[in-house]
Structures are given as C-alpha cells and as structure tokens.
2 protein chains.
Amino acid sequence: MHMKTGVEQSMYALVLLNMLPDKAVLPGEAISQQLGASATYFQKLLRKLVTADIITSVPGIKGGFRLKKKPEDIRVYDVYLAVEGQQSLYSSHGILVDMLDLEKEESCCLLTNLMEEAESSWKAVLKRETIASLSEEMCGERFKDKVAALEEWINNKMVV
Amino acid sequence: MHMKTGVEQSMYALVLLNMLPDKAVLPGEAISQQLGASATYFQKLLRKLVTADIITSVPGIKGGFRLKKKPEDIRVYDVYLAVEGQQSLYSSHGILVDMLDLEKEESCCLLTNLMEEAESSWKAVLKRETIASLSEEMCGERFKDKVAALEEWINNKMVV
DNA sequence: ATAACGTGGATAATGATTATCCGTTTTAAG
DNA sequence: CTTAAAACGGATAATCATTATCCACGTTAT
C-alpha cells in the first residue's frame, strides 16, 4: 500500500507551473526533465491533470502546459484524486458475505465503515494545503538562491 | 494505492479465532478454506500475525492457531501493521532536493509533513475498533442463524 | 510546408503482491 | 518408535498494478 510516485511528481510539476508568468507555458518534456521523470510516461500524468481541469494544454509549436485554476484553488487532494483516481483505499472482497452465506444484496463487511471513515479523515488533511501554500513554503528565505536558479531555468524553458 | 486483501482476510481470520473456546486451536488450512484464501499463502500471513504477537501457533498434529491477546486488545490497526508492515503510505522521492540542488542532508519535501499528518489521522481511526468490537457487531440479532452455522463449523474444525 | 508540440492507443518492462512447492521440525497417537 | 498432521522457512513462479516506450495522428507558429 503505497502512494504512486506520480502524485509527488505531479505536485511539483504544478509548483513549477505556478512559477510561470501569466499566459506563458511550459512544454511537457521540460517539466519531466526537471522532475527527473520518464518524459513519455509523464505526459500521461499531465493528461490526467488536464482532464481534471487543473491545467490547460496548448498544442502545436510553442505549446505546453499552464495552470488552469488559481494555485490557491488547487488542493493537494485534487491532485491526488486526478492521478490516483477515485477508488478508495480499502474495498471489501466480500469475505464476510461468503462466511455467513448472505444474499448478495446484503453486502456486509465489518470493516468498510471504519475504513471509509479513516479514508475521509486522511483526505481531509490533504484538502488543507494547496499548490499556493506549497509554493509559498518553497519560496521562503531558506532557499532564496536555489529558487532564483530555478526561476532562471523556467525563464529559459518557458514559451511565449 | 490499495490496501492488501491480506488485511481483510487476516481480520476475519481473527474474528474466527475469537469464536474458539479457550485452549482450542484452529488449523491454518481450515481458516483459509473458510476465508476462501490460498492456503499456502495464507500461512505466510498467519506467520506475520504470530510474529506480531497477535496469535499463537501450536505445531504438530492437533496443532493450529489461537488468539494470543484478548480480542479487545487487538486493534484493527495492529493487524494492519502486522500485515502491511510499518512503511508509510507516502515517502518522498527527493524531487525537490533535485530541483533545488540541495545537499543530501537537507532532505526536504513540501509534502512529507502533510502526508504524515494525514496518515496519522488515518491510523487513529483504525485504532478505534478491535477484534472484540467487530465480533460483537457480527454477532448481533441480525445474523443470529448465520452465526450459529458458523459456530457449528468451528466446532467441527477446531482441535482439542 | 515544416518543425515542435500535445493526444491516444498499443504494448513492453518493472516491481509488488499473491501463490505454489518442497524439505524440515514438532507433536499426538497407534 | 513409527507415522500422520500440523506449523515453519526458503526458493521460486504467477499475477497484477504501475511505470515506461513507441508510433501514428492532430494542432499551430513560423
């Protein structure tokens, strides 16, 4: 049981896109290079973010990706959901139904309620932070120089 | 990101063992049959429960498994931990460290704190219920007959 | 027209989870 | 003291989800 690495990657991709000036765009290949991710595979993840209305894609030469929403409106939870899908962490295999020989309608599992509560509780925390708050955290005094270098890199790679 | 089915199986295995009279024991093969689980593989899971001090094993003919602790002292969380191990749901791949070109000591990730909090929150819910409370839930009026049949089965399969 | 980009589908490689096999040890019973 | 049934441990295979690659296609600035 482990979160996909795609969630972490996507999150940082969005932090990168958040550094872009208005109307500018960053090509997918540049993003995946910066993340150290497989370029072709990361395109698929970017696609998921597009269909989740988190980012916009611009095709054609001078194309790329940019945020579609304001960074303070993109919750960590939204990114998780876009990348991992909405399947729950736990789903019953109907063991109790078999053990007690219940009817199929009586889908009954001693764990489902508890697990759903646990998951809600987990998700609630993911809803607390946004791309805006993460970006802010990164741009604090501590990493001033490093972030400046990253901005420099963005200026080189961004389009229009 | 999905919980192993072994967790659900183990949980019900413990509910079964909780139905045993004192000092009696249930062979691993009977347990896995009742659960509809692969017998040989489920032995491995039972082993994890043994090393986690949740159940005791008795080798030799007339051997099998029984609870080691009182059912009210076995939390759902304990079972989860025994089966899945203590690795956390999220672990950083150091993407930010690479992006900002930080020193290795400066292991820094914008998500780690949040994710750890979320996980704690998730685990807290799993600590609320125990094998005792699950068993109780199962043995309510609703499934009276069905549970009686299960007890019958246990009487047949248990040893000593 | 062309070159650089995103899209979509098919398909492989990888890795974790689940499953099987076999030999060993333990113990009750004949 | 032999045998049968059980847990144990290691090696290994099968299965499945995740990650990765490839290629043909649509889009758009130059």
Side-chain angles (χ1 to χ4, degrees), chain A residues 1-10 13 17 23-33 35-52 54-66 68 80 82-85 87 89-91 93 95 157-160, chain B residues 1-10 13 17 23-33 35-52 54-66 68 80 82-85 87 89-91 93 95 157-160:
Chain A
M1 190 182 192
H2 203 273
M3 180 173 280
K4 296 188 196 169
T5 90
V7 176
E8 183 182 358
Q9 293 171 330
S10 300
L17 293 182
K23 303 293 174 186
V25 118
L26 204 54
E29 194 171 333
I31 302 176
S32 43
Q33 257 174 32
L35 297 173
S38 143
T40 54
Y41 178 58
F42 196 68
Q43 290 275 350
K44 313 282 187 189
L45 294 182
L46 288 169
R47 205 77 251 304
K48 292 186 177 184
L49 298 177
V50 170
T51 48
I54 294 172
I55 63 178
T56 304
S57 66
V58 178
I61 201 171
K62 292 212 169 188
F65 300 88
R66 101 176 104 241
K68 183 167 188 180
Y80 159 78
V83 173
E84 295 250 356
Q87 60 182 343
L89 301 192
Y90 172 82
S91 67
H93 291 249
I95 294 176
K157 294 293 189 174
M158 75 183 186
V159 180
V160 167
Chain B
M1 190 181 190
H2 202 273
M3 181 173 281
K4 297 187 196 171
T5 91
V7 176
E8 183 183 0
Q9 293 170 330
S10 301
L17 293 182
K23 303 292 176 187
V25 119
L26 204 54
E29 193 171 332
I31 302 176
S32 42
Q33 256 174 34
L35 297 173
S38 144
T40 54
Y41 178 58
F42 196 67
Q43 288 277 349
K44 313 284 187 188
L45 294 182
L46 288 168
R47 204 77 250 307
K48 290 187 179 184
L49 298 177
V50 170
T51 50
I54 294 173
I55 63 178
T56 305
S57 66
V58 178
I61 201 171
K62 293 211 170 186
F65 300 88
R66 98 171 58 99
K68 184 166 187 181
Y80 159 77
V83 174
E84 295 250 357
Q87 58 182 344
L89 301 191
Y90 172 83
S91 68
H93 290 249
I95 294 176
K157 295 292 189 173
M158 76 182 183
V159 181
V160 166

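On a predicted model such as this, the values are computed, not experimentally measured, just so you know. By convention in this document, chain letters (A, B, ...) are assigned in the order of the sequence lines, proteins followed by strands, and residues within each chain are numbered from 1.
Proximity note for Ile61(A) (side chain, C-beta onward) versus dA4(C), dT27(C), dC8(D): the nearest is dA4(C). Distances from the side chain of Thr5(A) to the nucleotides dT20(C), dT19(D), dA7(D) place dT19(D) closest. Of the listed nucleotides (dT21(D), dT18(D), dG6(C)), dG6(C) has the atom at the smallest distance from the side chain of Phe65(A).
Atom CG in Leu26(A) sits about 17 Å away from atom P in dA4(C), given to the nearest Å. Put simply, CD on Gln33(B) is 10 Å from P on dA6(D), counting in whole angstrom units. Put simply, CZ on Arg47(B) is 20 Å from P on dT20(C), counting in whole angstrom units. Here the P atom of nucleotide dC5(C) and the CZ atom of Arg66(A) are 15 Å apart, to the nearest Å. Between the P atom of dC8(D) and the NZ atom of Lys48(B) lies a distance of 14 Å, rounded to the nearest Å. Distance, Phe42(A) CZ to dT18(D) P: 17 Å, rounded to whole Å. Going from atom OH of Tyr41(A) over to atom P of dA10(C) covers 18 Å, rounded to whole Å. With rounding to whole Å, Leu46(B) atom CG is found 14 Å from dT18(C) atom P.
In this structure, Thr40(B) reaches the bases: a heavy-atom distance under 4.0 Å links it to at least one base atom across the strands shown.
In this structure, the side chains of Leu26(A) and Met158(A) come closer than 4.5 Å at one or more pairs of heavy atoms. Using a 4.5 Å heavy-atom cutoff, the side chains of Pro27(B) and Val159(B) are in contact. The closest side-chain heavy-atom distance from Ser38(A) to Thr40(A) is below 4.5 Å. Counting heavy atoms from C-beta on, the side chains of Leu89(B) and Met1(A) come closer than 4.5 Å.
Mapping Met1(A) and Lys62(A) onto DNA chain C via the closest heavy atom, the residue that lands nearer the 5' end is Lys62(A). Residues His2(B) and Gln43(B) each lie close to DNA chain D; by heavy-atom proximity, the contact nearer the 5' end of the strand is made by Gln43(B). Residue order along DNA chain D, read from the 5' end via each residue's closest nucleotide, puts Pro59(B) first among Val58(A) and Pro59(B).
Counting distance only, with no hydrogens placed and no angle test, the side-chain atoms of Lys44(B) and the base atoms of dG10(D) include a donor-acceptor pair under 3.5 Å.
Between Lys62(B) and Val160(B), the shortest heavy-atom contact is CD-CG2, 3.7 Å.
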